[in-house]
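Accompanying notes for the structure given below.
As the structure is a computational prediction, the values presented were derived from the model and not from experiment. In the text below, chain A, chain B and the rest are named by the order of the sequence lines, each starting its count at 1.
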Protein chains: 2
Amino acid sequence: MTIKTVVLLNPGNMGATIGASVNGPRVLWVSDGRSEGTRQRAQKAKLVEVETLAEAVGESDAVLSVCPPHAAEEVAQSVAGLGFAGLYVDANAVSRATAERVGQAVGKGGATFVDGAIIGPPVTKPGRTRLYLSGAGAEVVAELFSGSMLDAKVIAGDPGAASALKMTYAAWTKGSDALILAIRALAAREGVEEALLQEWAGSQPNLPGKSERAASVAAPKGWRYVGEMEEIAASFGAAGLPTGFHEAAADLYRRLAPFKDRTDPGPEVKEVLDAL
Amino acid sequence: MTIKTVVLLNPGNMGATIGASVNGPRVLWVSDGRSEGTRQRAQKAKLVEVETLAEAVGESDAVLSVCPPHAAEEVAQSVAGLGFAGLYVDANAVSRATAERVGQAVGKGGATFVDGAIIGPPVTKPGRTRLYLSGAGAEVVAELFSGSMLDAKVIAGDPGAASALKMTYAAWTKGSDALILAIRALAAREGVEEALLQEWAGSQPNLPGKSERAASVAAPKGWRYVGEMEEIAASFGAAGLPTGFHEAAADLYRRLAPFKDRTDPGPEVKEVLDAL
């Protein structure tokens, strides 16, 4: 199977860099209804503008879906509704169950489903971002990124394995950031924040820094972690494990919506704790 | 106020070493209804046996309560019911609200309440275990341990501050151990445990070790963490913060009851994950 044209849905902060990492094939983006920020990211990533989804899907051998978790199924249904019969890669932070629903939706349209998951930051340097891939067609998709700064890795298992890996990975990184922010908020409300920071300095020396990074880095992105925490909670529930860790994390990140995209500089710890 | 005699309720693994750390006053323990293991710990700690609680309380200027969180109020009520009017120190892992109820109970009996919280392992070496103390009388209690291996620290705030500090501290140590065990259990069920361990080895190098320690160290103690997790969840709830992290942790530790006191060697990771 030779891939000549790929459509990237959609060029957000992460997606644009994934599109830019495709090595060889032409990469399209769909401008219909997208913002000026998206256009700028797409141009910087040297993606080719196409106005409508129908036109883009008609020209493409592969679709790369990189979008917020809650939009993953909707994107898949839109593409399936256009009769797309190529390779469909869902690279989103969704549970195995959601990934399987995406696979069923695009399979009905005749496409081959490849399950993907991105671990790491947007692709700006080599060695920092992995795209895990599972299912038939995973090798072909990995080949698209050969020689790029994105490290594409095929893992064993049915489609769903890559998504499951992402869930378990983010369950710690984003889950533990939510936990530590909740703890600092509790300490502040109880009037024992200084005592806790002193105790941590002696016996848990990495925690003061971890809590400060969580406030400045995670708070501005919290609004878009909510859906991911809900997907993780669903993954735990489906496996008969407690869902509360990530339901609580979703609740916490929902409270951080006022900090949406507040970077350079990120919010002060105190501001974040007050908002919780 | 001069303290000549203290009663330690009761000489568990932690309590016996706290009793042994009292420097100067005589330390009693109550043998009525206690196990042979308790007797051995009390003897090793050189505590003085008294048969009944009434006799012990009658002879003592101070009571040190070191017991599982769910028993803290019951112990306080028993002592208050005997008309104890000395210093009552609750050193247990309870919420501020529970500590305040303990304080009210013993206050009605005429005692002065000192809120305490132990952070660290049983006292076997200097520099590893802190007893935080808050409230009127905290200084007098701290003085009991001067020159011992237990580091007694008075912190600012009403009685309840020491308990609040303990809640925030254990919220991370025991909460994050529960979280990482749940994550490894999910990875095992999803068939992505090897992939997760490899990804962690590269990008989160402390997590494989943390998860293994949680399995071997926390699993044998999980049965007695349940009450503490519930006290922590209540503390979050009282402060308007999400309770789910520690409700989930309580749920998880409850599932580890079969490993009660299985140390030397602790259980294998796989056994622990299978039990979750």
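Between the CH2 atom of B:Trp200 and the CH2 atom of A:Trp172 there is a distance of 8.0 Å, given to the nearest 0.5 Å. Here the CD-CD1 distance, from B:Gln204 to A:Ile119, works out to 9.5 Å after rounding to the nearest 0.5 Å. The distance from atom CG of A:Leu196 to atom OG1 of B:Thr168, rounded to the nearest 0.5 Å, is 4.0 Å. Taking CG of B:Leu179 as the start and NE2 of A:His246 as the end, the distance is 5.0 Å to the nearest 0.5 Å.
There is no contact between A:Ala156 and chain B, counting heavy-atom distances below 4.5 Å. Looking at A:Lys210, the atoms closer than 4.5 Å to chain B (heavy atoms on both sides) all sit in the side chain, from C-beta outward. Of the atoms belonging to A:Arg184, not a single heavy atom falls under 4.5 Å from chain B. With a 4.5 Å cut-off on non-hydrogen atoms, A:Ala178 touches chain B through its backbone and its side chain both. The contact between A:Arg255 and chain B is made entirely by side chain atoms (from C-beta outward), counting heavy-atom distances below 4.5 Å. Using a 4.5 Å cut-off between heavy atoms, A:Leu241 touches chain B through backbone and side chain atoms alike. With a 4.5 Å cut-off on non-hydrogen atoms, A:Thr173 touches chain B through its side chain but not through its backbone.
Ranking B:Glu199, B:Glu194, B:Glu247, B:Arg96 against chain A, the residue ahead of the rest is B:Glu199, based on heavy-atom pairs under 4.5 Å. Between chain A and the residues B:Ser176, B:Ala195, B:Ala161, the largest count of heavy-atom pairs under 4.5 Å involves B:Ser176. Among the candidates B:Leu252, B:Leu207, B:Ile155, B:Leu276, the residue making the largest number of heavy-atom pairs closer than 4.5 Å to chain A is B:Leu207. Each of A:Thr243, A:Ile180, A:Ile232, A:Asp158 has some count of heavy-atom pairs under 4.5 Å with chain B, and the biggest count is that of A:Ile180.
For B:Glu271, the CD atom counts as densely surrounded, since its 6.0 Å shell holds more than 12 non-hydrogen atoms of other residues, nucleotides or ligands.
In terms of heavy atoms, A:Leu186 sits closest to B:Ser235 at CD1-O, 3.6 Å. Listed here is the closest heavy atom pair of B:Ala249 and A:Phe245: N-CZ, 3.8 Å. Looking at every heavy atom in both residues, A:Arg189 comes nearest to B:Ala239 through NH1-O, 2.9 Å.
Within the 4.5 Å cutoff, side-chain heavy atoms of B:Phe236 are placed close to those of A:Ile183. With contacts defined as side-chain heavy-atom distances shorter than 4.5 Å, the pair A:Arg128/B:Ser203 does not qualify.
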